[in-house]
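Report on the following structure.
In what follows, chains carry the letters A, B, and so on, assigned in the order in which the sequence lines appear, proteins first and then strands, with residues in each chain numbered from 1.
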2 protein chains.
Amino acid sequence: MSRTKARAALLQELEEAMRRSSAQGVLYGQTVANVAGIANSDLECMDILYLEGRVTAGRLAEVTGLTTGAITGVVDRLETAGLVRRERDDADRRKVFIAVVPEAIAKISQFYVPMQQAMEKVFGGYSDQELHLLLRFANEGYKGVVAATEALKGLLDTPPEKRPALKLKTRPRRP
Amino acid sequence: MSRTKARAALLQELEEAMRRSSAQGVLYGQTVANVAGIANSDLECMDILYLEGRVTAGRLAEVTGLTTGAITGVVDRLETAGLVRRERDDADRRKVFIAVVPEAIAKISQFYVPMQQAMEKVFGGYSDQELHLLLRFANEGYKGVVAATEALKGLLDTPPEKRPALKLKTRPRRP
DNA sequence: ATATATATCTTAGTCACTAAGAGATTTAGC
DNA sequence: GCTAAATCTCTTAGTGACTAAGATATATAT
C-alpha cells in the first residue's frame, strides 16, 4: 500500500466522515433549539437572518422550504420573543421584511459558544495554508450542495408516478 | 497584505463558510425527506441506522434526542414502509433492535445521488494529499462537534433559573 | 379601469411530538 | 429464591407546528 490511500477508498472514507460530521452538526442544532426552548425551524430562520441579513417573509419560506403560512407562525413566535421585527417595505407595501433585533444576536450566539470553542481547538492544529485549503473546500462544498439541492428539487416537478418515492406519507409535504 | 490572510480574519471567514455549508446540508436533508415523502426524523433515524448498523430503540432515542415514545412512532412508520425490521434481543428480551432491511439502502441512497455527484465533482479538484487533509479535518471536526454537543447538553442539567433561555415555549421539549 | 399577478396572512385540519404512566423483563438486596 | 427496584419499550392523551386552500391587500399589465 502506498503512502496515500487508493483514491477510491479515500473518497469513500471521506464521504462517510463528512456524512457523520454533518449528522452531528444537525444534532448540535437540535440541541441548541432544545436548550434555548425554541422550535427547530425558528432557529433555522434566525440562522438565515444572521447570514443573509434583512430578508422578506417570502424569502424565508423559499430558503427553508416551508409554506408562507408556516413562516407567518415562525415570525410571530420570533417577534413575540423579541428576536426579530417586522418591517413593511415602503416601496412595495405587500412585502414584509424580517429584521433581527440587535440584542438577539448575543442571545442566540451564546448557545454556539461550545461549538466555537471546539472549532477553535480543531483549527488550532492547522497552518494558515491548510486553513486556506479548508476554506476553499467549504466554499466549493457549499456551492456543490446548493447545486445538489436544486437537482433534487427537480424531481418534485417530475410526475409522481414516474418519480421514486417511499410513500410513508399519503400527502406530499410541500406545495 | 500577506499571501495568507491574517489568521483571525481567516478563522472568521472559515467559521461563516462552515456555517453556511452546514445550513445548506440541513436543507438538503429536508429536501430528501420531502421528495421521498418521509418525515425528517424518520430519515435521520435511517441515517443513524446506516452509520451505526443494528441499534436498539433506546439508542435511537438517545442519539436523536427524541423520547422513546416518539421513536416507537418512527420505527412503526419505517417498519410499515418496509425499510426496517424490529428484532427482539434474545439475551435481554426488553430490548428491541432495529435493523435496516437490505433493500432499503438502495431505496434511500437514490436520493443522495445528486449529492454524491456534486461531491465527486468537488473532490475532483483536490490531490490525494489534500483529500487526506480534508479527511483529517472531517474526523477531528466530528469529534469537536460531539464534544460541543455534550457541553451544550450539560446546560440542561443546570437549574433553569440559572440557565440562559429564550423562553419562546413554556414547556421544555426534553424529559 | 379592469384583470391578473404577487406577497402575506388566516383558517381548518393533520401529524409528529412530549409527558406520563403501563407492561414486560432484568438486576439487586436480603 | 423472592421481593423490590431498575430498565426498556410501548400506549395514551393532549399540544403545537405544519400544510392546503383561500382571503386580503397591494402592485403590475393590458
Exercise. Under 4.0 Å: is that the gap between some side-chain N or O of R77(B) and OP1 or OP2 of dC17(C)?
Worked result: yes
Exercise. Between dT18(C) and T67(B), is there an OP1 or OP2 to side-chain N/O distance shorter than 4.0 Å?
Worked result: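 Yes, such a contact exists.
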Euclidean distance, atom [atom1] of residue [X] to atom [atom2] of [N] [Å, nearest integer]:
| X | N | atom1 | atom2 | answer |
| --- | --- | --- | --- | --- |
| I71(B) | dT7(D) | CD1 | P | 20 Å |
| E62(A) | dT6(C) | CD | C1' | 13 Å |
| R59(A) | dT8(C) | CZ | P | 12 Å |
| R93(A) | dC9(C) | CZ | P | 13 Å |
| K95(B) | dA6(D) | NZ | C1' | 13 Å |
| D90(B) | dT25(C) | CG | C1' | 13 Å |
| L43(A) | dA17(D) | CG | P | 14 Å |
| D42(B) | dC15(C) | CG | C1' | 11 Å |

For this session: Classify the side-chain pair E15(B)/Y112(A) by whether it contains a donor and acceptor separated by less than 3.5 Å.
Result: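 E15(B) vs Y112(A): no donor-acceptor pair found between side chains.
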Exercise. Using 4.0 Å as the upper bound for N to carboxylate O, is an ion pair formed by R59(A) and E62(A)?
Worked result: yes
For this session: Answer yes when E103(A) and K107(A) have at least one side-chain N-carboxylate O distance shorter than 4.0 Å, and no when they do not.
Result: no
Exercise. Between dT8(C), dT18(C), dC8(D), which one does the side chain of L66(B) approach most closely?
Worked result: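 My answer, after comparing the listed nucleotides, is dT18(C).
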Looking for any heavy atom pair under 4.0 Å, which part of the strands does [X] touch: base, sugar-phosphate only, or nothing?
| X | result |
| --- | --- |
| R86(B) | sugar-phosphate |
| G69(B) | base |
| A57(B) | sugar-phosphate |

For this session: By nearest nucleotide on DNA chain D, pick out whichever of T68(A) and R88(A) is the more 5' one.
Result: T68(A)
For this session: Report the residue (S41(A) or D92(B)) whose heavy-atom-nearest nucleotide on DNA chain D is the more 5′ of the two.
Result: D92(B)
Exercise. Would you say the base of dT6(C) and the side-chain of R94(A) have a donor-acceptor pair closer than 3.5 Å?
Worked result: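 For R94(A), whose side chain was compared with the base of dT6(C), there is a donor-acceptor pair (under 3.5 Å).
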For this session: Let me see the working for K143(A) and E140(A) under salt bridge (Lys or Arg N to Asp or Glu O under 4.0 Å), right down to the final yes or no.
Result: CA-CA 5 Å; K143(A) 283 178 199 156; E140(A) 289 177 0; over 6 Å; no
For this session: Please state whether the rings of F123(A) and F137(B) are parallel, tilted or perpendicular, taking 30° and 60° as the class boundaries.
Result: parallel
